[in-house]
Amino acid sequence: MPQNSRGDTEQSGKQSSGKRKLEEEPSRSQQTISELLSQRYSPDTLDPQTNKRSRLSSPSRFPSTKIPHKMHPISGSPPRNGAPGRGFSGPNGPIRSQGLNANARQNNFSPHTGAKRLVVKNLRTGPRLNQESYFDKVWSQLDAALTAIFEGRKPDSSLEELYKGGENVCRQERAALLAKKLQDRCREFVSGNMCTSLATRAGGSTDVRTLRAVIDEWSAWHSRLSFLLHSKEQPVIREMGLIQFRSYIFSDASLKPKILKGAYDLIEADRGGSTKALTDSKLLSDAMDLFHDLDVYGSDFEPLFMAKTEEFVKEWAQQQAAGSLAAYVEHAHQLIEREVERCGLFSFNRSTKLKLSELLDETLVTQRTDMLTSENEVLGLMRAGNKTALKQLYGLLDRRDLTLELKPAFKKYVIEEGEAIVFDQERETDMVVHLLQFKQKVDDIWTSAFESNEELGDAVREAFGAFMNRGKKMDSTGGTDNPKSGEMIAKYVDRLLKGGYKLPPGRNPEEVSLMSDDAELDRQLDQVLDLFRFVHGKAVFEAFYKNDLARRLLMKRSASNDAEKSMLARLKNECGSSFTHNLESMFNDMDIANDEMAAFKRSQQEERKGRFEFEVNVLSAASWPTYPDVPVRIPPKIARSINRFETFYHNKHTGRKLTWKHQLAHCQLTANFPQGKKNLVVSSFQAIVLLLFNDVPDGESMQYPQIQEATGLSDPELKRTLQSLACAKYRVLSKNPKGKEVNSSDQFSYNANFSDKQLRIKINQIQLKETKEETKTTHERVAADRHFETQAAIVRIMKSRKTLSHVDLIQEVISATKNRGVLQPPEIKGEIEKLIEKEYIERKEGTNHYSYVS
Amino acid sequence: MKVTIKEWNAVATWHWDIPEDEVCGICRVQFDGTCPTCKFPGDDCALVQGRCNHAFHMHCLMTWIDLETSKGLCPMCRQKFEWKDKE
């Protein structure tokens with residue numbers, strides 16, 4: 001019973017090792033336990049298995065007593081499955097030899113014999129007998145076994161037997177000889193049988209098939225090697241097997257190219273296939289394992305792979321470049337993704353990965369930069385809003401840090417589209433809305449496709465700055481080339497602050513309802529301010545904003561005072577306090593006016609009884625927009641109140657003079673219509689006209705000249721006023737003949753049929769809106785102001801510098817007036833001419849220098 | 001139809017009650033403009049009128065009066081400069 005004896009051997013070996021362990025124990029484990037171990041349990045009773053466990057896992061573990069024999073099936077089984085055999089042979093080499101000696105001795109005393117008794121005898125007699133003949137015997141046995149293994153059969157002799165044979169031979173210091181013989185035997189097989197069979201098989205078949213055959217052969221060889229491995233302690237054997245396989249199979253002139261080509265063919269098939277599933281991914285990954293095992297990956301496979309791949313990629317790029325950019329980037333993106341994925345899937349080396357991605361970058365991106373950044377193509381993508389393609393394009397360029405190449409195209413796109421919006425005269429009123437939408441779109445592209453690249457963000461800003469400050473000479477700007485953007489932004493803000501902006505059709509109506517929300521208003525203001533930042537010359541904006549603010553304040557049309565203040569704060573933040581000073585003093589004037597009115601009412605308490613409410617806003621002329629004096633005949637009732645206020649005001653502020661701006665006044669009237677009483681909110685002019693009809697008997701009408709005579713209004717003002725009363729939404733007057741336009745031959749009568757659901761009717765929209773002429777004048781005024789500002793700047797500069805060359809002067813003037821708007825050199829030149837005429841400066845004869853005339 | 005006025009919101013602007021083409025005798029700037037040190041006309045840069053009826057920017061006159069050589073005289077007519085009382 002060799003198993004039994006084997007078990008004994010193990011046990012005794014274990015025992016000794018157990019002892020050794022125990023002796024070492026105190027240093028590693030708790031004192032008490034080791035004491036317990038050594039005192040209560042004699043080492044002989046210790047179960048080897050337990051000892052083993054205690055050694056492997058927890059040395060302090062309390063050992064349990066078990067009968068050693070129970071463990072036989074485990075510890076005594078032949079070490080075929082490797083683990084125990086290796087476990088012992090590794091760290092406990094010397095112990096094992098002890099055990100073997102013990103085995104030899106013990107066999108004398110325990111005559112358990114079984115079927116393999118012969119072997120034991122051989123072993124025993126071996127050393128005593130002729131070592132040569134013993135060796136030959138063992139070798140012939142091994143040789144037979146090897147042949148069997150090579151042929152894929154089971155060896156005739158038991159492995160145990162072979163193992164011991166080998167062991168003993170080695171012990172007789174013939175290991176080298178044995179190894180040599182083994183090596184020879186293996187080589188013979190590999191270079192002989194295997195090689196020829198593979199070569200013949202490879203001869204007529206495809207590369208892939210060859211590869212498959214080689215891999216099969218390899219795995220068989222590999223598993224056979226592992227047989228051998230157990231019989232020897234030398235890991236060298238595996239190496240030897242590898243080397244032999246490499247040098248006889250892999251290096252075979254007919255096989256090698258086929259193997260490599262086969263592997264590449266698989267990859268190529270994968271590339272060609274449209275689906276991601278590789279037809280034979282297992283084979284390919286096996287091949288990769290083989291190359292790694294044989295250590296030929298870097299030396300043979302990789303160069304071939306790279307060379308072939310380069311060819312492939314180049315050709316691919318050539319083909320794809322013919323198509324559209326969108327298709328190219330998409331496919332290139334996919335290609336790269338799949339290549340990288342493949343690297344991971346089949347565990348290509350890191351170096352291959354790097355080289356591969358380098359190759360891809362070089363071929364797909366660097367060599368195609370022209371195409372990738374071709375302005376037309378990129379513009380096409382942007383116009384189509386193809387964010388996916390742009391993202392992929394950016395991704396490709398980013399691999400080579402070429403993203404900046406997109407900048408010109410991106411900028412051009414923004415400018416082109418932006419200019420289209422800015423110069424779209426038909427949709428002028430919605431310019432800001434379109435600009436906001438466009439900005440949103442561009443920002444979208446920038447964040448989602450261009451990963452918020454800073455440089456490209458700069459491009460967006462530059463582009464917006466460029467197109468928003470472009471102006472054309474147009475009728476609506478009074479023939480000046482002021483950019484429209486400032487005006488439109490001011491008007492947009494006005495609409496927002498007046499309590500909401502009716503969004504153009506096509507936008508979500510829910511957004512409108514949100515407008516009442518303060519937060520929403522804030523958000524919208526912020527958005528507009530984003531646009532506002534791009535406007536260089538704030539002068540146009542300021543002029544229009546001031547006009548609109550004045551109207552809002554005087555007509556009490558501001559939706560929320562908080563919103564006004566927060567807008568003011570924003571502007572202050574953006575442009576500095578000198579910019580907002582006038583605006584702030586406008587708010588101040590309103591506050592002062594309130595106080596004044598309170599004082600005035602107190603002083604007039606007695607006379608006020610039964611009268612209408614009379615309020616006055618006194619403005620400081622410098623802060624508010626300039627308003628022309630419009631002659632009008634004020635009804636006596638109003639005139640009396642006005643006089644009283646003037647007296648009051650003069651008493652309070654000496655040295656001040658009031659100028660009445662009746663076109664800004666607005667009032668409430670109570671009108672008795674047959675169908676009900678109405679409160680009319682009207683402008684002063686409208687009120688004056690309506691009051692005239694008090695004296696007209698029912699059914700009679702007034703001629704246009706009569707009205708003009710009575711009111712003293714100029715033609716355009718009167719026509720506008722009458723139109724708003726007789727031809728607009730609310731027709732409190734009837735016009736005869738009917739029509740949209742008012743002519744001087746028309747007759748007007750009071751409309752007895754007027755009715756409306758609401759009690760309070762606002763008819764003074766006309767007053768709130770800026771007329772085209774006003775817009776024009778504002779633009780002209782801004783332009784004129786700019787002339788003066790430029791002249792002032794020139795004089796200031798010349799005064800401090802005394803003499804200056806033309807170029808330097810223009811440079812200095814541009815930088816000095818930058819805040820108010822960018823000037824073109826010809827404009828400055830014109831101003832210089834004017835100043836020379838006015839003899840502020842003079843030309844120095846013969847040079848292009850100017851000097852200051854003091 | 002009978003229309004009655006319920007509420008009237010009038011608007012007026014104020015100027016210094018001085019002929020428009022007159023300038024400050026010290027800085028030669030219009031009274032509706034500012035003295036050289038100010039940026040914003042109006043309440044920020046008030047006027048001052050003496051008994052001699054000569055008006056100046058307040059800032060201009062104060063600078064003048066602070067000088068010893070002025071001896072407290074009006075720069076225009078060399079009379080003693082006194083504030084014109086409110087009537």
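Residue numbering restarts at 1 for every chain, and letters A, B, ... go by the order of the sequence lines.
With rounding to the nearest 0.5 Å, the separation of CD in Glu7(B) from CD in Gln668(A) is 5.0 Å. Distance check, rounded to the nearest 0.5 Å: CG of Asn9(B) to NE2 of His666(A) gives 3.5 Å. Interatomic distance, Trp8(B) CH2 to Ser641(A) OG, rounded to the nearest 0.5 Å: 10.0 Å. Atom OG1 of Thr670(A) is separated from atom CD1 of Ile5(B) by 10.0 Å, given to the nearest 0.5 angstrom.
The contact between Asn679(A) and chain B is made entirely by side chain atoms (from C-beta outward), counting heavy-atom distances below 4.5 Å. Neither the backbone nor the side chain of Phe645(A) comes within less than 4.5 Å of any heavy atom in chain B. If you measure heavy-atom distances from Leu669(A) to chain B, the contacts under 4.5 Å come from both the backbone and the side chain. Proximity to chain B (any heavy atom under 4.5 Å) is shown, for Leu658(A), by both the backbone and the side chain.
The environment of Phe648(A) atom CZ is dense: over 12 non-hydrogen atoms of other residues, nucleotides or ligands sit within 6.0 angstrom.
Most heavy-atom pairs under 4.5 Å with chain B, from the set Glu646(A), Lys556(A), Lys678(A), Lys657(A): that is Lys657(A).
Every pair passing salt bridge (charged side-chain N to carboxylate O under 4.0 Å, His left out) that includes a residue from residues 575-593 of chain A is listed here, sequence neighbours excluded: Lys572(A)-Glu584(A).
Distance alone, capped at 3.5 Å, places no donor-acceptor pair between the Asn617(A) side chain and the Val11(B) backbone.
Between Ala665(A) and Ala10(B), the shortest heavy-atom contact is CB-CA, 3.9 Å.
Annotation: side chain of Arg656(A) is in contact with side chain of Trp16(B) (closest heavy-atom distance under 4.5 Å).
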Table please: side-chain donor-acceptor pairs of residues 629-636 of chain A below 3.5 Å, with sequence neighbours left out.
residue	atom	partner	partner atom	Å
Asp629(A)	OD1	Lys661(A)	NZ	2.9
Arg633(A)	NH1	Glu709(A)	O	2.3

